[in-house]
Amino acid sequence: MHALRLAARHGRLLLVAGLLAGFAAPGLAQAMKPALPAMVAFLVFVSALRIGLRAALGRLGEARDSLWLVLLYQLGLPLLVLATLAVLAPAGATGTAAALAVALALAAPSISGGAAFTVMLGHDPAPAMRLLVLGTLLLPLTILPVFWLLPALEGLDEVLFAALRLSAVIALATGAAFALRRRFFPAPQPGTVAALDGLSAITLAVIVVGLMSAVGPALRTDPGALARWLGLAVALNFGMQAAAFASLRALGRGDIAVPAAVVAGNRNIALFLVALPAEITESVLIFIGCYQVPMYLTPILMQRLYGRP
């Protein structure tokens, strides 16, 4: 318990250590890739255990807000991007790997660590958990018009299967966590909460090593291309967070501005690796690896924007 609390206090350093390990040890990253689904499910379990059922569900008004945000994030924004690309079609923009990467990122649900990132920033993680659960459950519906409009995609059967499988994993992980918390510690002490935060930080640091499997080799073979992909990932992630935070505060929703902004920029694009054809995912694999850099630096670099709780 003491070690876990220590990990909670130094969670941001653990994230940076995981990023560096992914860069420096490509062999380890490749070896860890098969275990990624299990580690992601475990992270969802720990996050749900930390928050609890009542806080995760929230009141009726909070659930309605989460629904509108999910529809905006996973449907409205990618459709807006695709409409813009259609206007730029004469210039060939719709067929570029960068355009495909942006559309996939915006169509994806929240990362499973969104609640953990919000905790590290010192804010309420419950809205982030609601967006994760609701966004993942609605994914089979929200991706239909998005992928139908993507020229690179032809069939949706495998994508829908992957989305339904992820929804089932989220439902099972959160259900088990809520039941365990209700049975053994319905009102956890601060020390227990800190230990769960530390366990989340350790899990996040381990997960990122496997997600960086394509970045280390690119750094040695084509650093110029890596820099361009990294620039796109940073601009998309931090730009989405800043825009969502400013918009929600302007609308008087400062209570959910931070967790909703964290989710806006940090999406589970890696989900599509298990569903889309290899010829499509191969072109954006380097972007997925680069996307982990701003993602895992969010608790450090965005603290100044979000401020203290």
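This structure is a prediction, so every number in the text was calculated from the model and none was measured. In this chain, numbering begins with 1 at the start of the sequence shown.
- When atom types are taken as modelled, the side chain of Gln189 and the backbone of Val193 share no donor-acceptor pair closer than 3.5 angstrom.
- Not counting sequence neighbours, Pro223 has no partner by the side-chain contact (heavy atoms from CB on, under 4.5 Å) test.
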For Leu82 and Val146, run side chain to side chain contact (heavy atoms under 4.5 Å, CB included): C-alpha distance rounded to whole Å, both residues' side-chain angles, the deciding distance at 0.1 Å, then the answer.
CA-CA 8 Å; Leu82 291 174; Val146 175; 4.1 Å; yes

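- Taking the side chain as every heavy atom from C-beta outward, Leu53 and Arg181 never approach each other to under 4.5 Å.
- Leu121 and Val119 fall into different hydrophobic clusters, where Ile, Leu, Val, Met, Phe, Trp and Tyr side chains are chained together by heavy-atom contacts under 4.5 Å.
- At a threshold of 4.5 Å between side-chain heavy atoms, the hydrophobic network of Ile, Leu, Val, Met, Phe, Trp and Tyr places Val263 and Ile300 in one connected group.
- Checked by atom type and distance alone, the side chain of Asn266 pairs as donor or acceptor with a backbone atom of Val262 at under 3.5 Å.
- Remark: side-chain polar atoms of Thr136 are not paired, donor with acceptor, to backbone N or O of Val133 under 3.5 angstrom.
- Side-chain N or O atoms of Arg5 include one that pairs as donor or acceptor with a backbone N or O of Gly191 at under 3.5 Å.
- Not one N or O on the side chain of Ser47 forms a donor-acceptor pair closer than 3.5 Å with the backbone of Val44.
- For the pair Met39 and Val206, the minimum side-chain heavy-atom distance is below 4.5 Å.
- Using a 4.5 Å heavy-atom threshold, the side chains of Arg50 and Ser200 count as separate.
- Here the side chain of Tyr296 pairs a donor or acceptor atom with the backbone of Leu204 at under 3.5 angstrom.
- In this structure, Phe287 and Leu104 have side chains that are not in contact, with every pair of non-hydrogen atoms separated by 4.5 Å or more.
- Counting only heavy atoms from C-beta outward, the side chains of Leu28 and Val209 approach each other to under 4.5 Å.
- Looking only at side-chain heavy atoms (C-beta outward), Phe45 and Leu180 come within less than 4.5 Å of each other.
- Leu131 and Val169 end up in different hydrophobic clusters when Ile, Leu, Val, Met, Phe, Trp and Tyr side chains are linked at under 4.5 Å.
- Side-chain atoms of Met240 and Leu106, non-hydrogen and from C-beta on, do get closer than 4.5 Å to each other.
- Follow the hydrophobic side-chain contacts under 4.5 Å out from Tyr306 and you reach Leu301 in the same cluster.
- Of the possible polar contacts, none joining the Gln241 side chain to the Met302 backbone as a donor-acceptor pair under 3.5 Å is found.
- With a 4.5 Å cut-off on side-chain heavy atoms, Val16 and Leu20 count as touching.
- In terms of the salt bridge (charged side-chain N to carboxylate O under 4.0 Å, His left out) criterion, Arg267 has no residue partners (sequence neighbours excluded).
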